[in-house]
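Throughout, protein chains are lettered first and strands after them, A, B, ... in sequence-line order, and every chain is numbered starting at 1. Heavy-atom basis, side chains included; hydrogens, waters and symmetry copies ignored.
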There are 2 protein chains.
Amino acid sequence: MQPVAETLPDMGNRRATSYDVARMANVSQSSVSRAFTSGASISEDVRQRVLEVAAQLGYQPNAIARSLITRRSDLIGLMIGQATNLIYPEVLFELSRRISASGSRVLLFALESEAEIGAAMEQLWRYQVDGVISAARLSAEQVGEFATRRVPLVLYNRVLPDCAVTAVSVDHADGERRLVDRLVKAGHRRFGLISGPADNAVSVERMESALARLRQHGLDQVAAARGAYTYESGGEAFGQLVEMLAGPPDAVICANDAMAIGAVDAARHHYKLSVPQQVSIVGFDGAGTARWLSYDLTTIRQPVRRMAEAAVQMLMERIDTPDMEPETRLYAGELIQGGSARLG
Amino acid sequence: MQPVAETLPDMGNRRATSYDVARMANVSQSSVSRAFTSGASISEDVRQRVLEVAAQLGYQPNAIARSLITRRSDLIGLMIGQATNLIYPEVLFELSRRISASGSRVLLFALESEAEIGAAMEQLWRYQVDGVISAARLSAEQVGEFATRRVPLVLYNRVLPDCAVTAVSVDHADGERRLVDRLVKAGHRRFGLISGPADNAVSVERMESALARLRQHGLDQVAAARGAYTYESGGEAFGQLVEMLAGPPDAVICANDAMAIGAVDAARHHYKLSVPQQVSIVGFDGAGTARWLSYDLTTIRQPVRRMAEAAVQMLMERIDTPDMEPETRLYAGELIQGGSARLG
DNA sequence: TTGTAAGCGTTATCAT
DNA sequence: ATGATAACGCTTACAA
């Protein structure tokens, strides 16, 4: 081993490469590579010297070049839509944290509309992501493209009917059943439903589950209005329900928290109804804001941390073992007995 | 030009490369590259044929390999902390959208604590990001490292004193002055302040600006409590103010909306005070949730869209023109006269 | 343990 | 307009 060269290599403003480090440390370029690869066979002596020079030069291995040869980018694509849904920021942060913790980086696609999904997928392919977690509305065809390209995919809260796909989801049906049972038990009879967008599978499943359960209780005269998952639309939908029923409903079941909160405000401020004495309102998701005292929403809390942890773990497994079977994990939500509804 | 080859190349389960496409289209690999480069000199004939074969093979150019040679990753690092701050999800989505719109991808780092910034920066270097937008708390030293490495950086709502750096920020001082002036004009005299974390520059600037303005109005007996930017801490801090003043303050100025909302709830529900009749409470940021009817917060609305647009535009300029001068753009916030405070 | 050399999949340069 | 060929910065046999 030669002594360390005294002169700084001329890099003409370019970033330092492993060759620059090698030259200055008087070792071969491969030794530099090995110094940054845990478990590589390299003497402690050389490793130290390389690391020292690297620090001096501010050298960090180029992950782009690395993934070209290893065929692994350590990039996980994260697709998320519906910025309006209160729980999404929480989901996004939780997933992002878990992905970082498992040694990968997050390539984020925050989608405004479904129309953008195609373009996002194209970029996913181009950037050679190792896998993708999606909380956006993929069509069965789009899910199929992941399979064709053999890019592992985990859906978050999107269970596609008739489509074998790996997913984590809160048990929407179970949650709605529990809400309905408790509302009925408390004596509510005139029900109103506020659903989300018609093409949103989650909303559809939640609302159909609620409706089915109400029918089982012999209640089949249920008013239904459609919202857009937003606070404002929840208030408007509440107004529609009041018109349809020619008076306030006993209880309103909303497809998410944002609309439920909108409904609570509309009931209180526009219709001067007291919640929950005159009307019970329940939501779904258990977003942090739903716990604020002024709303204290009765809702089903999605176990976001556990779900995010599972999603990332399932994805990583499939990256390491490409031919695993699709698997769906359903998580029971926690019923949060807030002050926005009377439960029996 | 030869006819299209009939046999599919054997790719042994690997992704299609430009060579595979070239072989099948009976053209050179360079022609494939050109077909995907807008403005390259290639005949429409060949371009069509290449694109056709590419579609058949599901070929997309490998962005990783591309950036290795072009020395441009089209990757923008996005660092964001403080998931608790209500406005951050909005900022994140807005920045993400703008970055996508300008043809780059987002490498996301959602940080829980400042301790993670170092590790995130290391990954930024490794992935050769073209530039970074940060809404996390960087030290002057960390900002310096961006300069050393010549990686363009734009700070969002973080103006570092004595540190030339490109940034967009809402005019915190101006916003607080306007709030104070209007509160004083309405006759409030006993003031309480709820600040954020001591080491948070934004909070410090907002609170010091408010304090200075109060002094100019001859009010220098101001109670101050510290929160942690969260809803819960806002409520607790409100309690501390009541104790310190041996009674409720006339007006409470909070460093952000989440704490203001916490204070409103504490005032109403724990102290049975009517807001704004007995106590006025103002926040800062103008997050969507602050507009909800039950709070209807009086606050300064940060022009998120315009700020995000400016941040991305300034970053892109600096990526294209590396030696531009640092520049800070200050945006006046919009005073939202909600129902949580009496203004004069 | 260390060094040499061959890729990885592009774009860029230079002939033709 | 098209086709060879040389980078880009790394990892990984293989040789020493």
Taking the side chain as every heavy atom from C-beta outward, state whether D74(B) and R66(B) have any atom pair closer than 4.5 Å. yes

What's the CG-P distance between L68(A) and dT12(D), to the nearest Å? 13 Å

Would you classify R71(B) as touching base, sugar-phosphate or nothing, given that sugar-phosphate means primed atoms plus P, OP1 and OP2, and contacts are heavy atoms under 4.0 Å? sugar-phosphate

Mind checking if S41(A) touches a base, just sugar-phosphate, or nothing, with heavy atoms under 4.0 Å? base

Pick the nucleotide of DNA chain C nearest each of Y19(A) and E44(A); which residue has the one closer to the 5' end? E44(A)

Can you identify which nucleotide, out of dA7(D), dT1(C), dT11(D), has its nearest atom closest to the I69(B) side chain? dA7(D)

Quick one: is S28(B) getting a side-chain N or O under 4.0 Å of the dA4(D) phosphate, OP1 or OP2? no

When you measure from the side chain of D130(A) to the backbone N and O of I76(A), does any donor-acceptor pair fall under 3.5 Å? no

Under 4.0 angstrom, heavy atoms only, what part of the nucleic acid is S31(B) near: base, sugar-phosphate, or nothing? sugar-phosphate

Please work out if T70(B) contacts a base, only the sugar-phosphate, or nothing of the nucleic acid, heavy-atom cut-off 4.0 Å. sugar-phosphate

Whether R97(A) and E116(B) form a salt bridge (side-chain N of Lys/Arg under 4.0 Å from carboxylate O of Asp/Glu) is what I want to check. no

Using side-chain heavy atoms (C-beta onward) and a distance below 4.5 Å, is F36(A) in contact with L51(A)? yes

Tell me whether the side-chain N/O atoms of T17(A) come closer than 4.0 Å to OP1 or OP2 in dG9(D). no

D320(B) and R72(B) ion-paired at < 4.0 Å: yes

For S18(A), report the nucleic acid contact type (base, sugar-phosphate, nothing); a contact means any heavy atom under 4.0 Å. sugar-phosphate

Tell me which of A40(B) and I64(A) sits closer to the 5' end of DNA chain D, going by the nucleotide each one is nearest to. A40(B)

So does R14(A) get a side-chain nitrogen or oxygen closer than 4.0 Å to the phosphate oxygens (OP1/OP2) of dG9(D)? yes

Whole Å only: how far is the CZ atom of R34(B) from the P atom of dA1(D)? 9 Å

Considering every strand and a 4.0 Å limit on heavy-atom distances, what is the contact class for Y59(A): base, sugar-phosphate, or nothing? sugar-phosphate

Return no unless some side-chain N or O of S43(A) is found under 4.0 Å from OP1 or OP2 of dT2(C). yes

